[in-house]
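I have placed the structure first, in the form of structure tokens, so that the comments after it can refer back to it.
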Amino acid sequence: MQWKHMCKPHAFTVHYVQRMKKHRWRCKAVTFWCSDELLCCHWLQALTDLLEQQTWRPKHVLVYINPYGGKKKGKQIYEKKVAPLFSLASISTEVLVTEYANHARDNLYEVNLEKYDGIVCVGGDGMFSEVLHGLIGRVQKDSDVDQNNPKVPLSPCNMRIGIIPAGSTDCVCFATVGISDPVTSALHIILGDCQPLDVSTIYHKKAFLKYSVSLLGYGFYGDVLKGSEKNRWLGPARYDFSGFKTFLSHHYYEGTVSFQPAKWAVGSPRDKICCRSGCYICRQSSKQLEEQQRAEARGLENNEQEDWTTIKGKFMAINAASMSCACPRSPRGLSPAAHLADGTADLILVRKCSRLNFLRHLIRHTTSNSDQFDFPFVDVYRIRSFQFTPKHFEEEDAESTDLGNIGKKNFAQICTDHPSCGCNQLNSVWNCDGETLEQTAIEMRVHCQLIKLFARGIEESQKEEDKNPSRV
Ligand SMILES: Nc1ncnc2c1ncn2[C@@H]1O[C@H](COP(=O)(O)OP(=O)(O)OP(=O)(O)O)[C@@H](O)[C@H]1O
Ligand SMILES: CCCCCCCCCCCCC/C=C/[C@@H](O)[C@H](CO)NC(C)=O
Ligand SMILES: [Ca+2]
């Protein structure tokens, strides 16, 4: 609210949020005036009191800006579009423009977090991942939890993170707000929205590697990312360029995938029930998971023995999506019915197939509305954890004494399987929320609602509500 000197004697202006098309929000203003000063003051006091009752709204936030993400406009976006809204909403800020990669992550280990009501991250998925690692790591350190020990439950983070999209894909922002738009995201922060989010931990030989909230992808999306890093100068277009090249190279990778299905989960990857604000599936699944964990703690169920499913094969892509992974390039996402806060991920296995078939699958998950899983070479499972071991790793483990032989044997296998393309690529890399992982043999486990964002999930559109009137 703001006092204004106007031609009328007494007036005040109320700024409010207006919903526009496609989940975009804008800030609008309406000015009230009257000739009675006392009445005007009463109104103003009543509104101020109401605002003060909204204790979930942040008052002081810590802002990290990556000046090099996306089109390198992070600083400009923040100064022109976000800072004026924060000041209008009386949110005070401390701003750190990062000077090197991992600056924000390292800073989060040192800073006095008690001073802040939230953290704001201006950048893309990579920058968000930095902040995520800094915050989760810091909370574990403060609560004496060893994040490197896969058996210890992690402490949840109550400090919310807001994402101002200024990257190339901005998948986490898009999938939690419904649009990549800095003003909309700033308004969600100002209103103090809260969206819990699942976080996956990734280990190599039981040693902690990374956290992930969106895509953990091997094969196609690993190769797209690896190729794109060489062409960072192309900005966001580097993904399309690398995507095209990766598609032409048509590699597949051999290995073994084992996973634990999320038996308690309500919903399945092909039920077409998308995660929306106040999602019923997330609420029910997280409740069931809590019950299951209590039973496990009492020793009624032994999760270590619980049935693992194992699939050996040749894969074009292995994608674990902890959320839909919707983004402007894939508006429904890699797994449209995956949920933000249900404690599960959708594991998508795309087995070796022809180029044409792979293209059909790609087109379905990037542009068309048809079911991308409706192919005989694609399988999808809702899981709580999974492991992947590439074929050569299994062999290396078995014959670790004779490395020369393994090299020859693997090269021979690739050449006979792939006579025409002459490829010699044994392994892909993992794409972990847009960062590459060095290790290929990994284990992933989902932690239900480990962090919270300043968001509310994607709001149901009128069309969706008409289709699913009784959902929420
Ligand atoms: N000052 C800096 N100099 C160099 N790199 C930085 C700096 N600050 C952050 N980074 C790193 O830049 C990387 C990419 O940033 P960001 O995610 O913002 O953009 P992007 O990669 O273009 O977008 P997306 O991840 O959405 O595809 C991150 O991994 C982050 O760690
Ligand atoms: C035949 C051409 C195909 C082009 C494919 C282009 C890429 C499509 C992008 C969909 C990605 C959705 C998953 C999001 C992943 C993000 O975590 C990550 C980092 O921002 N982005 C990418 C592209 O890996
Ligand atoms: Ca999930």
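Order of appearance sets the numbers: ligands from 1, and atoms from 1 within every ligand. These numbers were taken from a predicted model, which means no experiment stands behind them.
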Next on the checklist: Please work out, at 4.0 Å between heavy atoms, whether the side chain, the backbone, both, or neither of H133 comes within that distance of ligand 1.
Outcome noted: neither
Checklist entry - Given F220, Y239, F247, which has its nearest heavy atom closest to atom 23 (C) of ligand 2? => result Y239
Next on the checklist: Applying a heavy-atom cut-off of 4.0 Å, say which part of E130 lies close to ligand 1: side chain, backbone, both or neither.
Outcome noted: side chain
Checklist entry - Any idea which atoms of ligand 2 are less than 4.0 Å away from a heavy-atom of D125? => result 16 (C), 17 (O), 19 (C), 20 (O)
Next on the checklist: Looking at ligand 1, would G124 count as a contact under a 4.0 Å heavy-atom criterion?
Outcome noted: yes
Next on the checklist: Would E99 count as a contact residue for ligand 1, given that I'm defining contact as a non-hydrogen atom of the residue lying under 4.0 Å from a ligand atom?
Outcome noted: yes
Checklist outcome for this item: Looking at D198, the N/O/S atom that lies nearest to the Ca ion (ligand 3) is called OD2
Checklist entry - Is it the side chain, the backbone, both or neither of E435 that has a heavy atom closer than 4.0 Å to ligand 1? => result side chain
Checklist entry - Is ligand 2 less than 4.0 angstrom away from at least one heavy atom of V224? => result no
Checklist entry - For ligand 2, which atoms have a heavy atom of S214 less than 4.0 angstrom away? => result 17 (O)
Checklist entry - What is the name of the N/O/S atom in H339 that sits closest to the Ca ion (ligand 3)? => result O
Checklist outcome for this item: Closest to atom 19 (C) of ligand 2 among protein heavy atoms sits G434 CA, 3.3 Å
Checklist outcome for this item: Of T367, N319, L362, I363, the one whose closest heavy atom lies nearest atom 3 (C) of ligand 2 is L362
Item to check | Heteroatom test (N, O or S) for D342 near the Ca ion (ligand 3), limit 3.0 Å | outcome: yes
Next on the checklist: Please determine whether S322 has a backbone or side-chain N, O or S atom lying under 3.0 Å from the Ca ion (ligand 3).
Outcome noted: yes
Checklist outcome for this item: Residue, atom and distance of the protein heavy atom nearest atom 7 (C) of ligand 2 read R329 CD, 4.0 Å
Checklist outcome for this item: atom 11 (C) of ligand 2: closest protein heavy atom, distance to 0.1 Å, is Y221 CE2, 4.0 Å
Checklist entry - For atom 21 (N) of ligand 2, what's the nearest protein heavy atom and its distance? => result T169 OG1, 3.2 Å
Item to check | Over 12 foreign heavy atoms within 6.0 Å of CD, E110 | outcome: yes
Next on the checklist: Just to be sure I read this right, does ligand 1 sit under 4.0 Å from the backbone of R232, its side chain, both, or neither, counting only heavy atoms?
Outcome noted: side chain
Item to check | atom 22 (O) of ligand 1: the protein heavy-atom neighbour that sits closest, reported with distance to 0.1 Å | outcome: S168 OG, 2.6 Å
Checklist entry - Among protein heavy atoms, which sits nearest to atom 24 (O) of ligand 2, and what does the distance come to when rounded to 0.1 Å? => result N431 ND2, 2.8 Å
Item to check | Residues E459, R19: salt bridge by 4.0 Å N-O rule | outcome: yes
Checklist entry - Any idea which protein heavy atom is nearest atom 17 (O) of ligand 1, and the distance to it? => result G126 N, 2.8 Å
Item to check | atom 13 (C) of ligand 1: the protein heavy-atom neighbour that sits closest, reported with distance to 0.1 Å | outcome: N66 ND2, 4.0 Å
Checklist entry - For atom 15 (C) of ligand 2, what is the nearest protein heavy atom, given as residue, atom name and distance? => result L215 CD2, 3.9 Å
Checklist entry - With respect to atom 2 (C) of ligand 2, which of G243, P331, C327 exhibits the smallest heavy-atom separation? => result G243
Checklist entry - Contact between F128 and ligand 1, counting heavy atoms under 4.0 Å? => result no
Checklist entry - Centroid-to-centroid, Y252 to F315, below 6.0 Å? => result no
Item to check | Matching residue for D433 among S214, S322, S129 - test: side-chain hydrogen bond (donor to acceptor under 3.5 Å, both in side chains) | outcome: S214
